[in-house]
Amino acid sequence: MDPRVNIFRTLLRIRLVEEAVAEHYTRWKMRCPVHLSIGQEAAAVGVCSMLRREDRVMSGHRSHAHYLAKGGDLRRMLLEIHGKSSGCSGGRGGSMHLVDLDAGFHGAVPIVGSTIPIAVGLAFADKLAGRDNVTAVFFGEGATEEGVFCESLNFAALHGLRVLFVCENNLYSVYSPMEVRQPVERSITGLASAHGVGASQADGNDVDIVRGVAEKALRGVAVSPAPKLLLLDTYRWREHCGHGFDNHIGYRTEEEYLAWRERDPVRMLRERLVAEGLLTKGVEDALSSEIGCEIAEAFEEAEGASFPRAEALFENVT
Amino acid sequence: MDPRVNIFRTLLRIRLVEEAVAEHYTRWKMRCPVHLSIGQEAAAVGVCSMLRREDRVMSGHRSHAHYLAKGGDLRRMLLEIHGKSSGCSGGRGGSMHLVDLDAGFHGAVPIVGSTIPIAVGLAFADKLAGRDNVTAVFFGEGATEEGVFCESLNFAALHGLRVLFVCENNLYSVYSPMEVRQPVERSITGLASAHGVGASQADGNDVDIVRGVAEKALRGVAVSPAPKLLLLDTYRWREHCGHGFDNHIGYRTEEEYLAWRERDPVRMLRERLVAEGLLTKGVEDALSSEIGCEIAEAFEEAEGASFPRAEALFENVT
Amino acid sequence: MTDETAVVGGGRVLTGAEAIREGTAEAMRCDPRVVIMGLGVPDPKGIFGTTLGLQEEFGARRVFDIPCSENAVTGIAVGMALNGFRPILTHQRVDFALLSVEQIVNQAAKWHYMFGGKMRVPMVIRMIVGRGWGQGPQHSQALHAWFAHVPGLKVVLPVFPQDSRDLLLLSVQDDDPVIFIEHRWLHGVRGRFDAGEPGLPLGRAAVLREGKDVTIAAFSTMVLEALEAAKRLDADGISAEVIDMRCARPLDTETLLASVRKTGCFVAADIGAGCCGLASELVSLVARGAHTALRAAPDAITLPESPTPTSPALSAVFYPRAPHVVTSVRRMLGLSVDPDIFSVPEGVELDKPDPAFTGPF
Amino acid sequence: MTDETAVVGGGRVLTGAEAIREGTAEAMRCDPRVVIMGLGVPDPKGIFGTTLGLQEEFGARRVFDIPCSENAVTGIAVGMALNGFRPILTHQRVDFALLSVEQIVNQAAKWHYMFGGKMRVPMVIRMIVGRGWGQGPQHSQALHAWFAHVPGLKVVLPVFPQDSRDLLLLSVQDDDPVIFIEHRWLHGVRGRFDAGEPGLPLGRAAVLREGKDVTIAAFSTMVLEALEAAKRLDADGISAEVIDMRCARPLDTETLLASVRKTGCFVAADIGAGCCGLASELVSLVARGAHTALRAAPDAITLPESPTPTSPALSAVFYPRAPHVVTSVRRMLGLSVDPDIFSVPEGVELDKPDPAFTGPF
Ligand SMILES: Cc1ncc(C[n+]2csc(CCOP(=O)(O)OP(=O)(O)O)c2C)c(N)n1
Ligand SMILES: Cc1ncc(C[n+]2csc(CCOP(=O)(O)OP(=O)(O)O)c2C)c(N)n1
Ligand SMILES: [Mg+2]
Ligand SMILES: [Mg+2]
């Protein structure tokens, strides 16, 4: 398969998985908060497609796309969201605590900003051990308001660590717009630069562009170990937490949402690939149905699998 | 008295007070940690001389100079350092917890960085109440490594608060040089700018220069309420904590120390005033002896005053 | 969660969330120094409904959102309190407030004391305990014991709507920092509501039910479990006294000890962990202060010693319920315990506060 | 602080600080994954001497200073622990570590559990309790009860040099995060030191002195006060059993209860605050587990309910000492108490660990 068609496949798969999560949610079998990435997939796919398997990824509350883009196991993710013992975290974590070490996805937690320093620690360990793995950590623009973000930039720059800080700016922190959180003059790339961390801002909905800036950043990191920051502009389509839409509740406008939907990362790549003759309706249909089967099977397994036994409550407690 | 001679007097007074603290320390009557500002007085005096009485100042562990420069009561400061009930904090705080609300000195605490947001809160209250007081908060370059520094910049800029962030860069955090704490490319003024906070860097040992940048910053604040940051380069002469010198213990060189002593803020202003014909040996001697008497009396009072009674342990507990 | 049983008389009936909103509005109407700030305070969900409409009534100057900077914002609230305001700061979860404990414990709790009484820090910090619907290890912690451990703080845990409002008013009026611990599951519980003067002062426990065989003292949702247990025990002829502690600091030792001196048996029930928690503190107070009255070893009902698991299968066995209280009391009295006592009635889902709840947060 | 009384036999004699340094060096020699990081670790003072010479022996890659960013650095240490290292992180004061509790409590303590056992976080966080010479409200807190409250953490409080080293080694070898609480006043106390296998495992208390009339269980410096009290009680014919708890989590309930079942009287003594502290936890354990053995109400000796005052006049009455323990025991046994018991001998300065101490930090 052409590499960019493969990228398209990954984008589409994440989209379809999350739409399936949304659709299945009202069966009330996924009894945990879910933060869907629908609309933001290009950041995850663009960056992760430039990473090697041995590179590492961490994320926050909105982690499904990052997990899947890095190659995290879909079945185990859905088992986890269903609270089952064979989930990737044994049912202890749910949607907000995904992990797949084999794929290099080292964990996600829903305390805003808290995986940023942990990711820096992974990279520091790699440096001390003489390994050249890169660690990419995904977070939202809200997380840059936590002091630990700057503390982490400082440490990573000080020690010349191979960290790729990836900030997805989707304009909102829950229902709070930028105006109530950050002065208009604030520059997230400027914060990075003030620490000597090379930073670039890009269209986070265009996976080709994301791949371009990620590649450039990673090339820099390969040459001389140092952190980089990517600021990717994007937009969350669905409600902050949950399966539905929330444009009607009043914190943002339907127009804004529709304008961003025009810039659908899946459609943008699809149209480009079709125009370039790399993708046909037939190929896409085949991909969709193949992915659809995979998802259906994974849901069937997840719904049917067994819950942890009561005694498991005390497993893995110190 | 010529205003600049008055500035000289304030500089000299702080110097003499702190030297007296150092000298008296080995009587072991001041039974608490002391962090002397000797060598760094120009920052305190330069900034505070441009503030109005109703403006507010906060500081950290190294606060004697800021307290005195803002007009804090010397007697109550020495009483406090001696642990006496008539000290500015009733003996509960010691050297690291000075306060003089009448003078607009709103408190100092020794948790690095922790008064930065509190000062922003003072300024926010002033804004909400429609007052135009300016709040200046003093801290070291080490404090800029705490995440709360950036969080505070963000909030102050977001709300257009009249805060003057004053960072005294004395090159060390305890015995740790910059190299082990901040990447060489790091820019503290850059961090401010990335938040849209106007910032300037200046020679923190030249009180005239400090007054110049402070005046400019404060003029800006008066015109349109917004925070500003001053980064003042300076050097601590004595040990990080305590009365003595510590150049011999190995974390910095005697040469570095001597080079900075050449740039003694007191002497620099003295020489300039003498050259300008504003200060004579006679005038300085008169100032010194007047200040000397004041200090001697204050020490006598502080040493002789009574300690809090045991029952006072439970006063002002909620 | 069952609604307050005694919804009678002429008063209004509100949910816990509505009562907090009413209390906040009352406080803001009485005192222009009161402001409320926190992530999402003016947003369409309004902190589970507790802040809805406040910005409309009091304006953006007094009701506002904040950046995601818990540490600085707490310091900022301290500064505001030092400079003439009475801020209420909200956290959607206790877990998020951990970023701000330096400011709470080193600063807010100590300024009044360590500056010799020169300054006071009147502020209220609301923290919400999450539970159920897969909140999991980082969205469900109950750490009121931490704050109860710190001289200089006050800590309240209202259960019923009336108390939520009363304790909120008292907390705002207090000249010291108060940690106001809400439980998410109590936001939906309905109860009697009166807008008059608060009944009990801050620091006083409430004897909700008098009894003579055993004293059950509880915090937060465990008060409801204790009431339910008392009902079941009553059916078996055991008369339990139920005390809603209301405040974790200061503790109402007097009410506690008077009750145990009467009943001679004691069970403490808390929503937090066991070691160094409130249940242990109550047992310790009773052991020290009512030793001679105790006819049997006292007991403590707390969370098991693990982080909160996310899977509904595990959270169902994680949280103690009324049957745990019943079991404790019956064992203490030397009575047998029905082996099926912990079985869950058909249709009851233990990860939901009420049947209508569907998450997702 | 008096030096360990029983310095006999062939072993070396070291101070507490030297023992910690030795233990660290041993751990680093045995295991290349061990690194030590913290503010001032490689500086000329070397964390009260506990890290002196380590950078020379192990290099700057394994022994290094950090920026003043407690929160991030704790997360970084978590990441290192997840990725093959065993970091030791130091804080010169417990008070400073408050900036990092989010990482300690939400992350370090929970990753092993909440990811279903996929990852472990082997790290040691050293926190030093300040006291004396005007350390005051923000440089002297003892908050081990907080960490003991959190499932997923272990908490140790060594007293004697041998234990400082043994518990450090055991903490570093442990696969879970361990909070290692040092008391500044124990750094200078000298005691026997053997480089062999650690004696007691982590989680076990040590009965330092056998007795039959009362059990005194203590933490940190209160162990020394308890020993001194036991000596004085012995002179009056009262035989006190003294237990050094050593660990606040897990607690050695077995040793504790066995002792109380024997003596029938119990006093807990801790260096922290009372409410929800370790002394209350011990009293609660005893009340629940040895109720029938208790001949009198148990007692808890803790700090008074205020922040730490700075003035030496106040800190002298703030900290409990051996006379407080003696008083507690005598009252419990129904004996009279010498009204002069709290008077301080000529020349003793209560704000200093030893006569040579002159601050300033
Ligand atoms: C420390 C902390 N504070 C607050 C929250 C509540 N919270 C959950 S997600 C979120 C939004 C964060 O916004 P952003 O980082 O931009 O991520 P996005 O949701 O937009 O992807 C907030 C505030 C939290 N989980 N952790
Ligand atoms: C949160 C915190 N971490 C560490 C310390 C220990 N400490 C006391 S003063 C100091 C140095 C801070 O350096 P800087 O801010 O540059 O101030 P300076 O001493 O140079 O004036 C440190 C690290 C502290 N008091 N608080
Ligand atoms: Mg966002
Ligand atoms: Mg400095």
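Reckoned from all heavy atoms, side chains included, excluding hydrogens, waters and symmetry mates. Here is how names work: the chains are called A, B, and so on, in the same order as the sequence lines, proteins then strands, and each is numbered from 1.
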When the 4.5 angstrom heavy-atom criterion is applied to A:V109 and chain D, the contacting part is side chain
Return all side-chain donor-acceptor pairs below 3.5 angstrom for residues 154-163 of chain A, not counting sequence neighbours, or 'none' if the list is empty.
unit_1	atom_1	unit_2	atom_2	d
A:N154	OD1	B:R186	NE	3.2
A:N154	ND2	B:R181	O	2.9

>> Within a 6.0 Å radius of atom CD on A:E300, are there more than 12 heavy atoms belonging to other residues, nucleotides or ligands?
In response: no
**Request:** Please report the C-alpha distance between A:L101 and D:M119 in whole Å, then the side-chain angles of each, then the deciding distance to 0.1 Å, and finally whether the side-chain contact (heavy atoms from CB on, under 4.5 Å) criterion is met.
**Result:** CA-CA 9 Å; A:L101 295 179; D:M119 291 180 272; 4.0 Å; yes
Item to complete: Decide yes or no on side-chain contact (heavy atoms from CB on, under 4.5 Å) for A:H97 and D:F115, but give the supporting numbers first.
Response: CA-CA 7 Å; A:H97 299 277; D:F115 289 107; 3.9 Å; yes
Here the pair of heavy atoms bringing D:W111 nearest to A:I118 is CZ2-CD1, 3.7 Å
**Within 6.0 angstrom of D:E197 CD, more than 12 heavy atoms from elsewhere** = no
Checklist entry - Is it the case that more than 12 heavy atoms not belonging to D:E254 sit under 6.0 Å from its CD atom? => result no
If you tally heavy-atom pairs under 4.5 Å between each of D:P67, D:G84, D:A77, D:G116 and chain A, the highest tally belongs to D:G116
Ranked by heavy-atom pairs below 4.5 Å to chain D, first place among A:E80, A:R56, A:E315, A:H106 goes to A:R56
Discussion item. I'd like to know if the side chain of D:E102 reaches the main chain of A:S114, judged simply by a donor and an acceptor atom lying under 3.5 Å from each other, with no hydrogens or angles considered.
Written reply: no
Are the side chain of D:K118 and the backbone N or O of A:C88 linked by a donor-acceptor pair below 3.5 Å?
yes
Ranking D:L153, D:N83, D:V35, D:D174 by heavy-atom pairs under 4.5 Å to chain A gives rank one to D:N83
| field | Worked verdict on D:R120 versus A:N316 for side-chain contact (heavy atoms from CB on, under 4.5 Å) | value | CA-CA 9 Å; D:R120 299 203 80 129; A:N316 303 312; 6.0 Å; no
Of the listed A:G113, A:P117, A:S85, the one with the largest count of heavy-atom pairs under 4.5 Å with chain D is A:P117
Applying a strict 4.5 Å limit to non-hydrogen atoms, the region of D:N106 in contact with chain A is side chain
Rounding to 0.5 Å, atoms CD (A:E151) and CD1 (D:I76) come to a distance of 8.5 Å
(message) Donor-acceptor check, side chain of D:Y113 to backbone of A:L313, threshold 3.5 angstrom: yes or no?
(response) yes
Within residues 119-137 of chain A, contacts to chain D at heavy-atom distances under 4.5 Å involve A:V120, A:G121, A:L122, A:F124, A:A125, A:D126, A:L128, A:A129, A:R131
